[in-house]
Amino acid sequence: MKNLLSCAGAVAEAAEAWRVSSRSTSVSFEANRLKQVQTSDASSVALRIFHKGKIGFAVASGSDDVARLVEMAAETAEFGLPVKFDFPMLGGYAQVNTFDPAVYRMKLEELVAMGNYLVDKIRKHTPGILCDVQVSRGLSSFVLASLRGGEARYEKSSFSIGVEGMLINGTDMLFVGEGEGSCRMPDGIDALADRVIKQLELARKQASVSTGILPVIFTPTGVANVLLEPLLMAFSGKLVHDGTSPLEGRLGEKVFAENLSVWDDATLDYCLASSPFDDEGVPTGKLPLIQAGVVANFYYDLQTAAQAGVQSTGSGRRGGGTPPAPSLSSIVIKEGKASFAEMVRDMQEGLVVEQLIGAGQGNTLGGDFGGNVLLGYKVENGKITGRVKDTMLSGNVYEALRQVVSGREARWVGGTVFTPPLYCPAISVAASPQVDAAKEGGKS
Amino acid sequence: MKNRIVHLLKGHSADYIEARFEKSFVTRLTYRGGRLEGVARTASVGGNIRALVNGGWGFVSFNCFDKLREGAELAVQEARLAGREKVQLDRQEPVVETVTEEARKKAADVPLLQKKQVLDEYNDIILRRADVVSSRIDYHDIVHRTVFANSDGTYIEQEKPSLALRLTAVARKGGEVQQAGVSLGSRGDFSAVEGLHDEAERVAKRAVALLSAPVVKGGEYTVVLDPVLAGVFTHEAFGHLSEADFVYQNEKLAEIMTMGRRFGGKQLNIVDDATLPGLRGSYKYDDEGVPAARNYLIREGVLVGRLHSRETAARMNERPSGNARAINHRYPPIVRMSNTFIEQGEATLEEMFGGIKEGVYLKDWYGGMTSLEMFTFSAGEAYMIRQGKVEELLRPVVLSGNVFATLGNIEAIGNDLEMNQGGGCGKGGQFPLPVSDGSPHIRIARCVVGGK
């Protein structure tokens, strides 16, 4: 890195380098059996320079050609945006725990055993199910350095486990699934297996709902799968600055229901999205996005913050091959008072939604959400009566979340979202009459 | 290179072993908020080794080449851990070949400044329209070279250039935000993205029109899909279902997907063809070194074929199709589509719309997804049809249906087949894989449309 920076320093006014090295191992089960074991080693260096007052950017992975990387970055600087910020001084960060050596001490055989245990437990409940399981663990190191700002680094361990189960009857297919992830090993995987078993229980029978406006409960999985992207995209400082966010100019305005509070938090210990500083060296923190229904903050990286005349919120994150951009870390939604059972009891006819096919395909920027229910249940007179399919949901977060009740059983979804179930009183539902035909030939 | 890779694959106690090395160079131009935000370049090299022992696979990927022997040994060990039963791969004649790519105007050779000038013109057109607040343009071109070798004696060097462009216009009035876009792609031929001024104009116009467009009433409609959206439908509603890796270990799905089963009317033919010249999903050899082929999936409404890797073909005792593809060296090849389309029919547009009392005409795409049984896809552009006439513009709609019912509900297939080269396909964490899809206009009865 030193060599790269000094080489870059010879042509540029300022330079910053970001190196990520990772090693990960995963075991994959297909149709209930171990099928593949995979190891991946990867490293890459991203170079960002200020060259003649403009920003240049290039990435190299697997190549040590420092001169070539500098040349590529200088080439792009000709077309870059004018420099409006300085690379920060690196250091003095608060401790955020993201590394647990136990993850890497685990033997491959133990990963396999966990997968087997999960498959066996689910199959014991439903013998005909075919499960695909992936158990992965990884170790990554992140180093950020700049010509004048010094150097900062951290290490992150990761563990994730996910299962997808498929049950076929005639041409009827039922899909269930859950997953979790953390920088640490889970205490056990029974809770994960139990959630999948619960899904199988609730989906045992089929039911059909009416077409019209119905109340809908989004389970934590449903919230993460359906609502978060159209809700949170609009908080990106970049979209706000571009004038394309529906929330532009609405800071401080009450846009959502009073009992909706959402924040971004990259400082939570052992969370997959946590880190002491963001990918540009800005300290991370806890950032309220919605406070009691009020638009509280937008999230920024250095470049966008400078354009908008505000401070970076420590939300500069990088994807492969692209410069930093504003991005969220762990999302936390505040718990409310209602229990899931109370929410269900409140409904005459309604839906519980876990997964939609095609969620996030429409005009998410405008707040639209929708899709076909992949896993969801009908509620009738306060009771879950069975699984719903061939049913479309569509709505817009700016209408749907103006009236929302948040539940009290919050939990982590996929290791990056901590949310309770959310109850929306009025969502548009279109059910296909074909459901009846499927029901006749289907299972009961 | 050749000696090194061939030597690397010798002397392992595996049933099969292969290595794939690759080199790629990506150039991206990104416009946000109405201006060029930057150009980014990525150079990468990497490789992988995959081994098969008793039906279990071991896979090791890397981008440091100094411990290749250890990598190969690790892949064999991993495969042994996963292996349970004797599995043969489909037999293939070894191939030794170098495949090069000819483009009319290689994107990699076009100077950055010229790329910028072309995109600037589209950007200006989009921004010129009143109520358009912003543009978003994503352009990238990739030069991708792979070297593949396996223990059967195959050695293939292949060039796989690719290019993709998406133009988006964002219109806003108060809290209302609407967007419209267009996606294009090619095999690295820059001329595919030149001369799109009219397209840019249309995109801007549509984004603004959407601000005042009504939302369709949700329910069942007869729908007409344009070739772009019908292509996405073909890909989502049937393409994925014909990927053998979903089927070969799943007896019940295999029963559903029995050869000879009727899925649609006599006029319905669905093909996946990686040998079509010049398309983004085309290739000469797949990532297992199997020659690409034209594969009929549905002929005259009946299931006649499916897409295979060497393993799935052998396990199902069917003809290999050359559809094992990997997005890059970090992933093993899995069964994927190439260029998937509904063959040309006979209906004229007049016949297509005629007799529809109330329906929806859907064009262009936002995206699509399938669970195998159910599919959804979203249209970027939708219009009401009344008494056979295309009427007012609607807000973007999401369509959904049951694959088995919907294919049977195709009532008419047009005579205007077009292939679309935009977008990419995602499966098993590998996204975006260059594919193309296409269709003539089609009319489908009883489609569920989400709305108010």
Side-chain angles (χ1 to χ4, degrees), chain A residues 30-31 33-44 55 57-63 68 72 75-76 79-81 108 112 130 168 171-173 175 211 238 241-244 246 321-323 357-358 361-363 365-366 370-372 374 389-390 392-394 398 428 430 432-434 438, chain B residues 26 28 32-33 36-46 56-64 74 78 81-82 84 112 116 133-134 170 172 175-179 218-220 249-250 252-253 256 330 366-367 369-374 376-378 396 398 400 402 404-405 448 450-452:
Chain A
E30 272 180 22
R33 292 203 291 186
L34 179 62
K35 180 70 189 172
Q36 181 166 279
V37 177
Q38 188 170 336
T39 304
S40 167
D41 268 310
S43 72
S44 66
I55 301 171
F57 182 82
V59 182
S61 77
S63 154
R68 177 80 187 109
M72 277 161 50
E75 232 169 43
T76 68
F79 306 96
L81 287 176
L108 213 50
V112 173
L130 289 177
I168 299 187
T171 63
D172 171 57
M173 302 178 195
F175 296 88
T211 292
K238 195 164 197 154
H241 181 69
D242 292 352
T244 56
T322 52
I357 314 166
Q361 271 174 20
N363 179 24
L365 180 57
N372 190 322
L374 178 65
K389 58 185 280 197
D390 214 344
M392 294 282 292
L393 215 73
S394 58
Y398 299 106
S428 169
S432 167
Q434 286 161 6
Chain B
V26 186
R28 280 175 217 279
R32 288 290 182 274
L36 177 61
E37 186 177 68
V39 177
R41 293 203 134 157
T42 304
S44 67
V45 293
W57 289 102
F59 180 86
V60 172
S61 77
F62 42 82
N63 54 18
C64 172
L74 177 59
E78 289 177 342
L81 180 68
R84 295 274 180 288
L112 266 177
K116 175 183 180 290
V133 288
S134 189
V170 185
R172 181 179 171 188
E176 186 71 53
V177 174
Q178 288 293 332
Q179 48 185 330
E220 271 198 335
Q249 297 177 105
N250 190 331
K252 290 198 164 160
L253 192 53
I256 297 173
R330 299 195 59 179
Y366 260 126
M369 197 171 165
T370 180
S371 75
L372 299 183
E373 180 195 10
M374 307 296 298
T376 73
F377 55 100
S378 46
V398 182
S400 182
N402 176 303
F404 306 102
V448 182
K452 283 220 159 166

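Everything quoted here is computed from the prediction, not taken from an experiment. Any value given below was found using the heavy atoms of this structure, including those in side chains, with hydrogens, waters and symmetry copies removed.
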Heavy-atom pairs under 4.5 Å with chain B - which of Gly62(A), Ser61(A), Ala430(A) has more of them than the others? Ser61(A)
Check each atom of Leu112(B) against the heavy atoms of chain A and say whether the ones under 4.5 Å are side chain, backbone, both or neither. both
Which answer fits Arg32(B), side chain, backbone, both or neither, if we ask what part of it has an atom under 4.5 Å from a heavy atom of chain A? both
Specify which of Leu34(A), Val112(A), Thr211(A), Asn363(A) makes the most heavy-atom pairs with chain B at under 4.5 Å. Asn363(A)
Heavy-atom pairs under 4.5 Å with chain B: which of Asp242(A), Leu365(A), Thr244(A), Ile357(A) has the most? Ile357(A)
Please find the pair of heavy atoms, one from Asn372(A) and one from Met374(B), that lie closest to each other, and give the distance. ND2-CE, 3.3 Å
Against chain A, label Arg330(B) side chain, backbone, both or neither, depending on which of its atoms sit under 4.5 Å from a heavy atom there. both
Chain B contact via Phe175(A) - which portion, at a heavy-atom distance below 4.5 Å: side chain
What pair of heavy atoms forms the shortest contact from Arg41(B) to Thr76(A), and how long is it? CG-CG2, 3.7 Å
If only side-chain N and O atoms count, and only distance matters, is there a donor-acceptor pair under 3.5 Å linking Glu30(A) with Gln249(B)? yes
Cut-off 4.5 Å, heavy atoms of chain A, and the answer for Val170(B) is side chain
Under 4.5 Å heavy-atom distance to chain A, tell me which part of Ile256(B) shows up: side chain, backbone, both or neither. side chain
Given Gly80(A), Ala42(A), Gly366(A), the one with more heavy-atom pairs under 4.5 angstrom with chain B than any other is Ala42(A)
Is the shortest heavy-atom distance from the side chain of Ser43(A) to the side chain of Asn63(B) under 4.5 Å? yes
What one should report as the nearest heavy-atom pair of Phe79(A) and Leu36(B) is O-CD2, 3.5 Å
Thr322(A), Leu130(A), Asp41(A): which one forms the most heavy-atom pairs within less than 4.5 Å of chain B? Asp41(A)
Closest heavy-atom pair, Met72(A) versus Val59(A), reported as atoms and distance to 0.1 Å, is CE-O, 3.8 Å
I need the residue from Ala40(B), Gly33(B), Ser61(B) with the largest number of non-hydrogen atom pairs under 4.5 Å to chain A. Ser61(B)
Pair Glu37(B) + Lys238(A): basic N to acidic O under 4.0 Å: yes
Look at Arg68(A), His241(A), Gln36(A), Arg33(A) and state which one has the largest set of heavy-atom pairs under 4.5 Å with chain B. Gln36(A)
Heavy-atom closest pair, residues Asn402(B) and Asp390(A): CB-OD2, 4.0 Å
Most heavy-atom pairs under 4.5 Å with chain A, out of Gly56(B), Gly175(B), Gly218(B), belong to Gly175(B)
Find the distance between CZ (Phe377(B)) and CE (Met369(B)) and round it off to the nearest 0.5 Å. 14.5 Å
Where on Leu81(A) is there a heavy atom nearer than 4.5 Å to chain B: the side chain, the backbone, both, or neither? both
For Met392(A) against Ser400(B), the heavy-atom pair lying closest together: SD-CB, 2.9 Å
Need one label for Leu374(A): side chain, backbone, both or neither, based on atoms under 4.5 Å from any heavy atom in chain B. side chain
